[in-house]
Structures are given as C-alpha cells and as structure tokens.
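I have placed the structure first, in the form of structure tokens, so that the comments after it can refer back to it.
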Amino acid sequence: MIYLKTDEEIELMYQANQLVGKTLGELAKHIAPGVTTLQLDKIAEEFIRDHGATPAFLGYNGFPGSLCTSINDQVVHGIPSSKAILKEGDIISVDCGTHLNGFVGDSAYTFCVGEVAPEVKALLKATKESLYQGIQSAVEGKRIGDISNAVQTYCESKGYSVVRELVGHGIGKNMHEEPEVPNYGRRGYGPLLRSGMCICIEPMINMGKRNVVFENDGWTVRTKDRMCSAHFEHCIAIRPDGPRILSSFEFIETNLGSNAI
C-alpha cells in the first residue's frame, strides 16, 4: 500500500527533513581526522533531541546508533564506534533520520575527511549528481523505473557500478514504506508516480564492482573488492508542478564552504 500524503502532512515531513539537514550541517563542523564515529553519533543525538525530535535510527530493528556512519569501502549501515577513528583521506557516508511531529526525515551525505584522492572525490561528485538526475525524473505520471534508470545510466556512463541489494524507499509516518526505489531499472516500469507520494532516492555507487558483502555485525555492508563507495540521499515529495526536495544539503555545504562536493 502506497500512502499519499496531504499538503499538511508534506509540510510536517518538510520540518522533519529540514532538521536532518541541520543535523548533518552541524556534523560537517566536526568531521576531521582523529574524530571517532561514536563522537559524531553523540553530537547528532544531542542536536536532534535539543530540537524537539528523536533519532529515527536509534533502536530501529535493534540498530544501536543515531547515525549510520560508513567509512571508505563501507556502503551503508556502519555502526558508530569509539574504535572507528577518521583519518586524513577517508570518506564517510553519514545517514541520519529524525522523528518529528509524527513523521520521519531521512537524508545522507558523503563527506571528505581532509584531503581526499581526486579519483575518490570524482566518485562522490558523480554519485551526488546522479541523485539529482533521479530527482529530475521524479515527475507525476512517470514511474519508479524512470528514477532508477536515470541514476543507473548516469553512474554507469562514468564507469561506476550500482549496488543492487539496497534501495531507496517510501517514507512518511514510518521510515520505510512502499514503494521501493532501486538505483537501477528500466524506464516506464514500476509503480506510477502520483502527487502526494513521498520517497527517498539514495544512490549507493561503487568505484569498483557492484558486489557487496554483509558483515557479521548484522548491519554493515561493504564492497566485496574493498574499493570506495559513496552514498547521497534526499527525501522528496511528488507534486503536480514537479518534485519537491524536502531534505537539504544547504546547511552542510554552508559549513563546508569550498570543501563541499
């Protein structure tokens, strides 16, 4: 069942998602060599609670953190840890969620830690660009496959590969609702995009091959070839006049300045 949201519900979702953007923006100030992912997690949880919300990830299906912090070859769902210490040249995907006013916000951004190799920065740039390619296809009357195909064709044209085991999703009062939003697919296929649908588009793109492995912690997903992976995510609403991005990278990029992707 795909739940269509009212205008009022979309405004509440906008508020939840803007708080995610502000949280990621706050984290942008702290991501640096020597910082642990557990430190980032504590900053995020405090920031979210201080703004009248609760972390959507904490306790979700038993997940132990407020953030998913995935470094280098970790694709998604990395668990914050005092042993995971950021170092110069790393990349880190930070995925964050909030519960606010009965609705969920969800967004992700991959950050550079200090100076990152040019070829890795190029992967991040292409992954972020593919997200916006997908959003441009999120038009009422099109289908999920149009979004999926836009992401896939853009990334594969750049020589990267698309993770297939993990997908974007519908969102609303629950973090994961129907429909699934893969990052690969055929134009004209899949569920019809209708005004009021709210979905998360989240390309997970590998520098090497698309194959992934699931770690023994039950959460962390890595690339099989141990090459870097990037992850960017926006929450959007399908509207009659085109897609509306509910989340935001503006707070992140204001704080990163010239270091933004």
Side-chain angles (χ1 to χ4, degrees), residues 13 16-18 20-21 23-24 27 56-57 60-61 63 65 67-71 73-78 91-98 103-111 123-138 144-156 158 160-172 174-185 190-191 193 197-207 210 212 214 219-223 228-238 243-249 252 261:
M13 290 193 64
N17 278 282
Q18 289 294 297
V20 175
T23 306
L24 292 172
L27 292 170
F57 294 179
Y60 183 80
N61 290 338
F63 188 76
L67 300 173
C68 295
T69 51
S70 308
I71 301 172
D73 62 338
Q74 296 176 346
V75 181
V76 285
H77 302 161
I91 58 171
I92 177 171
S93 161
V94 182
D95 196 348
C96 179
T98 61
F103 287 88
V104 180
D106 187 10
S107 182
Y109 195 94
T110 301
F111 297 84
L123 167 69
L124 270 58
K125 186 171 184 286
T127 304
K128 184 183 173 191
E129 288 170 348
S130 77
L131 169 59
Y132 289 100
Q133 293 288 321
I135 291 170
Q136 286 178 17
S137 294
I144 290 290
D146 293 293
I147 300 171
S148 307
N149 185 264
V151 172
Q152 179 183 11
T153 54
Y154 186 83
C155 290
E156 290 181 350
K158 302 282 187 182
Y160 304 120
S161 60
V162 177
V163 173
R164 300 192 177 211
E165 289 83 355
L166 302 141
V167 298
H169 51 90
I171 187 169
N174 299 300
M175 181 148 51
H176 294 116
E177 297 182 357
E178 292 184 23
E180 290 191 342
V181 186
N183 295 305
Y184 67 97
L193 298 175
M197 284 175 66
C198 292
I199 57 175
C200 288
I201 303 172
E202 49 178 319
M204 291 158 269
I205 308 300
N206 296 346
M207 181 174 283
R210 69 175 182 84
V212 298
F214 291 77
W219 286 100
T220 308
V221 183
R222 291 182 180 270
T223 59
C228 284
S229 184
H231 175 214
F232 289 83
E233 176 183 14
H234 267 318
C235 178
I236 72 162
I238 309 298
R244 180 186 178 190
I245 301 175
L246 303 178
S247 46
S248 176
F249 293 158
I252 299 167
I261 295 301

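Keep in mind that this is a model prediction, so the values were computed, not measured.
Proximity of a side-chain donor or acceptor of Ser70 to a complementary backbone N or O of His77 within less than 3.5 Å is detected. Using a distance-only test at 3.5 Å, with no hydrogens or angles considered, a donor-acceptor pair links the side chain of Asn17 to the main chain of Met13. A distance-only check finds a donor-acceptor pair linking the side chain of Gln18 to the backbone of Leu246 [under 3.5 Å]. Put simply, the side chain of Gln152 gets close to the backbone of Gly185: a donor and an acceptor are under 3.5 Å apart. A donor-acceptor contact shorter than 3.5 Å links the side chain of Asn183 to the backbone of Glu202. Using modelled atom types, one side-chain atom of Ser229 and one backbone atom of Ile205 make a donor-acceptor pair closer than 3.5 Å.
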Next item on the list: Please test Asn174 against Val104 for side chain to side chain contact (heavy atoms under 4.5 Å, CB included), starting from the C-alpha separation and ending with a verdict.
Entry: CA-CA 6 Å; Asn174 299 300; Val104 180; 5.8 Å; no

Next item on the list: In sequence, state the C-alpha distance, the side-chain angles, and the governing distance for Ile261 and Lys125, and then conclude on side chain to side chain contact (heavy atoms under 4.5 Å, CB included).
Entry: CA-CA 6 Å; Ile261 295 301; Lys125 186 171 184 286; 4.3 Å; yes

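With values rounded to the nearest 0.5 angstrom, Asp95 atom CG is found 7.5 Å from Ser107 atom OG. Note: Asn206 CG to Arg222 CZ = 13.0 Å, rounded to the nearest 0.5 Å. Atoms SG and CD1, from Cys198 and Ile171 in turn, are 8.0 Å apart once rounded to the nearest 0.5 Å. Here the CG-OG1 distance, from Leu123 to Thr127, works out to 4.0 Å after rounding to the nearest 0.5 Å. Interatomic distance, Lys128 NZ to Tyr109 OH, rounded to the nearest 0.5 Å: 4.0 Å. Considering OG1 of Thr110 and CE of Met204, their distance stands at 10.5 Å, rounded to 0.5 Å.
The side chain to side chain contact (heavy atoms under 4.5 Å, CB included) search around Ser148 returns Ile144, Pro182, not counting sequence neighbours. Remark: Glu178 pairs with Ile2 by the side chain to side chain contact (heavy atoms under 4.5 Å, CB included) rule, at least two apart or across chains. Scored by the ring-ring contact (aromatic ring centres under 6.0 Å, His included) test, Tyr60 finds His176 as partners (sequence neighbours excluded).
Scanning all heavy atoms of the two residues, the minimum distance from Val163 to Tyr184 falls at O-CD2, 4.5 Å. Here the closest non-hydrogen pair linking Ala16 and Phe103 is CB-O, 3.9 Å. Nearest heavy atoms, Ala138 versus Ile238: O-CD1, 3.5 Å. Tyr132 approaches Ile245 most closely through the heavy-atom pair CE2-CD1, 3.9 Å. Scanning all heavy atoms of the two residues, the minimum distance from Pro243 to Ile236 falls at CB-CD1, 4.2 Å. Closest non-hydrogen pair, Tyr154 versus Ala126, comes out as CE2-O, 3.6 Å.
Put simply, the side chain of Glu180 does not reach to within 4.5 Å of the side chain of His169, judged on heavy atoms. Ser247 has its side chain out of reach of Val20: every pair of non-hydrogen atoms, C-beta onward, lies at least 4.5 Å apart. Looking only at side-chain heavy atoms (C-beta outward), Phe111 and Ile252 come within less than 4.5 Å of each other. Looking at Leu193 and Ile147, their side chains come closer than 4.5 Å, going by heavy atoms from C-beta outward. Here the side chains of Ile71 and Ile92 are in contact, with some heavy-atom distance below 4.5 Å. For the pair His231 and Pro203, the minimum side-chain heavy-atom distance is 4.5 Å or more. The shortest side-chain heavy-atom distance between Asn61 and Trp219 falls under the 4.5 Å cut-off. Side-chain contact check for Ile199 versus Pro179: some heavy-atom pair is nearer than 4.5 Å.
Using the six-membered ring where Trp is involved, Phe249 and His234 have ring planes that are parallel, under 30° apart on the 30 and 60° scheme.
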